[in-house]
S.K.: 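Got a structure for you, written out below as structure tokens; questions coming shortly.
The first residue of the sequence shown is numbered 1, and numbering continues consecutively from there. The shown structure was predicted, so the numbers you read here are calculated from the model rather than taken from an experiment.
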Amino acid sequence: MVRNVLGTVLALIGATAAVWSPFRAWYDGRHGRDYRLGELFSGGGVTDSGAQLFGSLFLPMACAALVTLVGLLLRSRLLVALAGVVVLGFAVLWMVRQGQKEGSLSVSGDGSGLGLGVLAALGGGVLLLLAAALMAGRLRVAGPAYDDTGAPEPRRRPGRRARPAGRHAHGHRDDPDRNRPFWEKRPQDTPEDAPGHPPEEPPDR
């Protein structure tokens with residue numbers, strides 16, 4: 001329970017950072033929403049042309065956040081991890097393509113170079129992967145056990161021990177003649193077998 005709560009909190013923080021990152025500067029003050037998504041996969045690479053919101057880096061980040069929410073509702077570690085891989089994958093791919101354009105990537109305190117947006121995307125992806133590793137996932141209910149014949153075995157109530165064979169609930173052993181009519185004598189009730197009755201001696205010849 002605690003692991004699921006902590007994983008949910010980390011996943012929400014990571015998804016929020018991923019969605020927030022395109023609205024921050026990624027490189028030289030240029031926001032992530034200004035980079036065309038198709039340029040990451042084209043031969044020309046990253047250009048200075050602008051982009052529409054749903055044609056920019058915002059689209060994969062928003063999809064990753066949506067997958068994260070679905071994964072949290074279903075308690076699916078796989079979906080949360082997939083969202084983290086998507087966020088990290090696009091952030092790293094952008095860094096590779098931007099590095100090909102600039103020749104190298106730099107970080108400086110005057111606003112040039114790598115900005116807060118790409119750092120938020122990388123951090124959000126890492127938090128999503130940590131959340132997936134921390135979550136316990138869904139609880140699995142064990143199915144019925146089967147014996148050698150393939151029939152389901154009866155379930156026992158917790159805290160109760162099975163009674164040994166041949167005994168009833170009050171500790172009495174099973175009596176095979178319990179249901180015998182009273183007018184029929186059992187073998188042990190005959191005079192020859194009665195307790196204390198001397199055995200019959202054979203007649204003298």
S.K.: Which pair of heavy atoms, one from Val46 and one from Arg97, lies closest together, and at what distance?
M.R.: CG2-CB, 3.7 Å

S.K.: Which pair of heavy atoms, one from Ala11 and one from Ala131, lies closest together, and at what distance?
M.R.: N-CB, 3.6 Å

S.K.: Would you say Leu72 and Val80 make side-chain contact, with heavy atoms under 4.5 Å?
M.R.: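 Yes, their side chains come closer than 4.5 Å.
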
S.K.: Can you see which heavy atom on Leu69 is nearest to which on Leu12, and at what distance?
M.R.: CD2-CD2, 4.0 Å

S.K.: Got Leu88 and Leu129 here, is their nearest side-chain heavy-atom distance under 4.5 Å?
M.R.: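 Contact flag for Leu88/Leu129 side chains = yes.
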
S.K.: Any chance you could measure Thr8, atom OG1, to Ile13, atom CD1, to the nearest 0.5 Å?
M.R.: 11.0 Å

S.K.: Taking all non-hydrogen atoms of both residues into account, name the closest pair between Trp94 and Leu40 and its distance.
M.R.: CA-CD2, 3.9 Å

S.K.: If hydrophobic clusters are built by linking Ile, Leu, Val, Met, Phe, Trp and Tyr wherever their side-chain heavy atoms come under 4.5 Å apart, do Leu93 and Trp26 end up in the same one?
M.R.: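 Yes, Leu93 and Trp26 fall within the same hydrophobic cluster.
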
S.K.: To the closest 0.5 Å, what do you measure between CZ (Arg75) and CE (Met135)?
M.R.: 8.0 Å

S.K.: Is there a side-chain contact (heavy atoms from CB on, under 4.5 Å) between Leu128 and Val86 once you walk through the steps?
M.R.: CA-CA 10 Å; Leu128 288 173; Val86 170; over 6 Å; no

S.K.: Distance check, rounded to the nearest 0.5 Å: Met61 atom CE versus Ser56 atom OG?
M.R.: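 Those atoms lie 9.5 Å apart.
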
S.K.: Working note: Tyr35 + Gln98, criterion side-chain contact (heavy atoms from CB on, under 4.5 Å); need CA distance, chi angles, decisive distance, verdict.
M.R.: CA-CA 10 Å; Tyr35 290 93; Gln98 184 69 27; 3.5 Å; yes

S.K.: Using ring centroids (six-membered ring only for Trp), state whether Phe58 and Phe23 fall under 6.0 Å.
M.R.: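 They qualify: ring centres under 6.0 Å apart.
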
S.K.: Report whether Val126 and Trp20 are members of the same hydrophobic cluster (ILVMFWY, side-chain heavy atoms less than 4.5 Å apart, transitive linking).
M.R.: no

S.K.: Identify the heavy atoms of Arg30 and Ser49 that sit nearest to each other, and give their distance.
M.R.: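 The answer is NH2-O, 2.7 Å.
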
S.K.: Is it possible for you to say whether Leu73 and Val67 belong to one hydrophobic cluster, with membership spreading through side-chain heavy-atom contacts below 4.5 Å?
M.R.: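 Different clusters.
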
S.K.: List the atom of Leu134, the atom of Gly7, and the distance in Å for their closest heavy-atom pair.
M.R.: CD2-N, 3.8 Å

S.K.: Is it the case that over 12 heavy atoms from other parts of the model lie below 6.0 angstrom from the CZ atom of Phe54?
M.R.: no

S.K.: Please answer whether the main-chain N or O of Gly50 pairs with a side-chain N or O of Asp34 as donor and acceptor at a distance below 3.5 Å.
M.R.: no

S.K.: Quick one: pull up CD in Glu102 and CG in Asp28 and give me the separation to the nearest 0.5 Å.
M.R.: 6.0 Å

S.K.: If hydrophobic clusters are built from ILVMFWY residues whose side chains come within less than 4.5 Å, do Val85 and Phe90 share one?
M.R.: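 Same cluster: Val85 reaches Phe90 through Ile, Leu, Val, Met, Phe, Trp or Tyr contacts under 4.5 Å.
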
S.K.: Membership question, hydrophobic clusters at under 4.5 Å side-chain separation (ILVMFWY): are Leu53 and Val118 in the same one?
M.R.: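 In one cluster: yes.
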
S.K.: Any side-chain to backbone donor/acceptor pair from Glu39 onto Thr47? Under 3.5 Å, distance only.
M.R.: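 Checked: pair present.
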
S.K.: Would you say CD of Gln52 has more than 12 non-hydrogen atoms from neighbouring residues, nucleotides or ligands within 6.0 angstrom?
M.R.: no

S.K.: State plainly whether the residues Asp48 and Arg36 are in salt-bridge range, i.e. N to O under 4.0 Å.
M.R.: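 Looking at Asp48 and Arg36, the cut-off is not met.
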
S.K.: Set out, in order, the CA-CA distance, both residues' side-chain angles and the distance that settles side-chain contact (heavy atoms from CB on, under 4.5 Å) for Leu57 and Leu37, then state yes or no.
M.R.: CA-CA 6 Å; Leu57 291 174; Leu37 186 61; 4.3 Å; yes

